[in-house]
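To start, the structure under review is shown below, and the notes come after it.
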Amino acid sequence: MDDTVIKAQGVGLTFQTADGPIHALKDVDLDIDRGEFVSFIGPSGCGKTTFLRSIAALETVTAGQISVNGMTPDQARKARAYGYVFQAPGLYPWRTIRGNISLPLEIMGFSREERAKRIAHVLELVELENFGGKYPWQLSGGMQQRASIARALAFDADILLMDEPFGALDEIVRDRLNEALLTLWAKTQKTIGFVTHSIPEAVYLSTKIVVMSPRPGRITRVIQSTLPRERPLEIRDTPEFIALAHEVREGLREGHSYD
Amino acid sequence: MTRVWRNAAPVLTVLMVIIAIWYLGAVRMNATWERDQAARASEELTTSQMITRTLTQDRPILPAPHQVAVGLYDGIAGQAITSRRSLVWHAWVTLSATLAGFAIGAGAGILLAVGIVHSRSMDQSVMPWAVASQTVPILAIAPMVIVVFASAGITGLLPKAIIAAWLSFFPVLVGMVKGLRTPDAMQLDQMKSWSASDNQQFWRLRLPSSLPYLFTSLKVAIAAALVGTIVGELPAGATAGLGARLLSGSYYGQTVQIWSALFAAALLAAGLVAIVGIIEKATLRRMGLAR
Amino acid sequence: MNALPIIGVWLGGWALNIWLARFDTRLSRMAVAVVFGATLLILWEMAVRIYAIPAVILPAPSQIAASFAANGSILWTDFVQTILRGALTGWLIGALAAMLTAIAIDRSPFLQRGLLPIGNFVAALPIVGIAPILVMWFGFDWQSKAAVVVVMVFFPILVNMVAGLKATDAMQRDLMASWAAPYAASLWKLRLPAAMPFLFNGLKITTTLALIGAIVAEFFGSPTRGMGFRISTAVGRLDLPLVWAEIVVAAIAGTLFYGLVALIEKKVTFWHPSQRK
């Protein structure tokens, strides 16, 4: 059985701007297998977000092709193949947390009972059981982001795409959410694509780290993690972890010519 | 060039559609009268006869766009500007009262706003009433003000200017107070850290940051001043100004005259708002605030 | 010499307010505003009495109140004719038409780019000027007044509603795209709720415009009732207290109308930062 969920071959994306074309992505090849946790890391402008958006069919590639579950990204989007989490929670202020999680389910036509069941389930997954009736603006930033992850999980797509979901949070909250995300990943067995600019975060979370570099946006190194799937926070002090972080840093340096 | 066209094309299209609808409306609305006339003379009207006749009536229910354009052109360029039939003359009467009132109202609004920002008791006394007064249809009583002044022997420019001033006063007051309050706590603390005097704080921080708000409200105010002046010219007895043209047109069924006066007022309003807009752009650009 | 008591009351009210303003609580703020309003009223009454200003020029508040009480049924008839029939009907029709138009042109950027500049332009024009034309078309009764109001409120509401429908940020639209939401769902669940604060902004601005349109249109012809009609005939008879009583009705109606819309806004857009407690 073919276990490749996302497959990119020779992907390129060029934006036409007033100052000439910008090569956001060039010659990107990548396979992501079922159940993997793949991080994309690199300086700003390296195309990591653009690549994630291309997988989600929020951008259209101009060269090469991407397949998601054997479909084009746009077909996959219409088949509701993935949940997407942005850097900001993007919750609707006029809906309660429960109402926000219910929103994609309403759009996808789930029945009322099914919605209630799923909402209760994902609220438990992100540990927000007691906050379903609150409005987003009554919660802290970390709780809002957890709610937005719950929303992406609610319709139970196999793939979860996350674009710097914890980028705007402070480090203490970020640590806790990283831990929670790993637990969640272990429970749900989802395939996760995760954009970040933090080396420890990438190493701590991923089974595969994709290092990218700008001008043109491309992949410079793909690092397979040697860490076990079970990862307590303390793993970050082990030599193995530090060696991996070092490798990522090297990858970033070699792609970065400081031109 | 292409960008200008990209912006202008949709506007021109919509304008063209509006004019087309207008012509259709003119034919339809004026047709009843022509049909009556034809029936009285017992003649049959062909479609083309019908169209030409409905678009050339003397007192149409809805004058066709070209009739209004001719009326407008005749009123602006076809008469000596000192003539009572010249729209330029009427527009000048309206404009002078508008500008006088606008100057008084905006000036008073700015001064009171400065006072309100500096005095808490003034703020709490005046602001609730200033805000509430915006919900009262002041404009509707404008004609009455004119009549009252007339009974006290005061006529001419002054009463209209007072209405215009009254109407432009409140937008400027509210906008200016909001503007003077825009500097946030950090900016005010920074001023304090340089031990700036109240005066310096006002001239260097509060006043410059209020200007975008001031100009926005000035645009509202000058349009309001014009509307106030025109409504002030409505009471019977007024013989000069665009409002008087509207009224006399409606008394004598001179629809072309009404529409011409209406378009002259529209041009005047657009011109006034545009002038304030140009001053705004120039000022904000000099201050580096232009977007 | 005559001016002394007036100056005395003025200074007294002023001193009271300066003292009250120091507390700066909700109650004291209200008290300050009330004291200011009351002081103005007292000054007005005193000025009229001391200087013996004839009622033809400026009636005293007490005379206006007496006229208000004596002409209750007339004022009520006028209120129904002008405010309820003319202004309210016109406002509802105009607001509904503007909302539907905004949704209709929502899918066409071309139409929006064409209509918005025109809408902004028209919103700044002296539209009351069309009153004589519409009175000619629709007759003297309230229908012509409602028509004037429709035209006056249409563009400000349209411009606000179109801006509101655009007010969602790119991320929220991407989110909708990631769920493959159809147009209707994203309009109904995202963009309409997001547009509400803008819509209510337009609705609030136009409450005053609606009253103005309905009253002014009556100056160009009306049946023998209505606030505009009453004001112009009472001015003719120099019955200024009645004129002022009508103005008081207009002021109360305007404030209530605005307050009602603001109250509904509070219920509908409770989530907006400007409404949160």
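Protein chains get the first letters and strands the later ones, always in sequence-line order, with residue 1 at the start of each.
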Measure [X] against the heavy atoms of chain C and call it side chain, backbone, both or neither at under 4.5 Å.
X	value
B/L268	neither
B/M127	neither
B/I258	side chain

Test side chain to side chain contact (heavy atoms under 4.5 Å, CB included) applied to B/S125 and C/V32, C/T39, C/L40, the passing residue: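 Of the listed residues C/V32, C/T39, C/L40, the side chain to side chain contact (heavy atoms under 4.5 Å, CB included) partner of B/S125 is C/V32.
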
Work out which heavy atom in B/Q124 is nearest to a heavy atom in C/S28; give both atom names and the distance.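 Taking B/Q124 first and C/S28 second, the nearest heavy atoms are OE1-O, 4.4 Å.
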
Write down the atom of C/A33, the atom of B/P128, and the distance for their closest heavy-atom approach. CB-CG, 3.7 Å

Taking only residues two or more places apart in sequence or in another chain, which ones pass side-chain contact (heavy atoms from CB on, under 4.5 Å) with C/I247?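 So C/I247 forms a side-chain contact (heavy atoms from CB on, under 4.5 Å) with B/I141, B/M144, C/V243, C/W244.
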
Crowding at [atom1], [X] (>12 non-hydrogen neighbours, <6.0 Å):
X	atom1	value
C/L27	CG	no
B/W92	CH2	no
B/M29	CE	yes
B/Y252	OH	no

Please flag which part of [X] lies under 4.5 Å from any non-hydrogen atom of chain B: side chain, backbone, both or neither.
X	answer
C/L240	side chain
C/W14	side chain
C/T207	neither
C/F110	both
C/I212	both
C/L115	both

Hey, could you give me the CG/CG distance between B/D123 and C/N17, rounded to the nearest 0.5 Å? 11.5 Å

Measuring from atom CG of B/L247 to atom CZ of C/F219, what distance do you get when rounded to the nearest 0.5 angstrom?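 Rounded to the nearest 0.5 Å, the CG-CZ separation comes to 11.0 Å.
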
Based on non-hydrogen pairs under 4.5 Å, which of [options] is most in contact with chain B?
options	result
C/I133, C/V135, C/L238	C/I133
C/A31, C/P117, C/A251	C/A251
C/L209, C/L20, C/I130	C/I130
C/Y258, C/F257, C/W19, C/W137	C/W137

Return the option, out of B/I61, B/I230, B/L246, with the maximum number of heavy-atom pairs under 4.5 Å with chain C.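 Highest number of pairs under 4.5 Å: B/I61.
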
In terms of heavy-atom pairs under 4.5 Å with chain C, which of B/L262, B/V17, B/T255, B/L272 leads? B/L262

Sorted by chain and residue number, the salt bridge (Lys or Arg N to Asp or Glu O under 4.0 Å) partners of C/R29 (sequence neighbours excluded) come out as C/D24

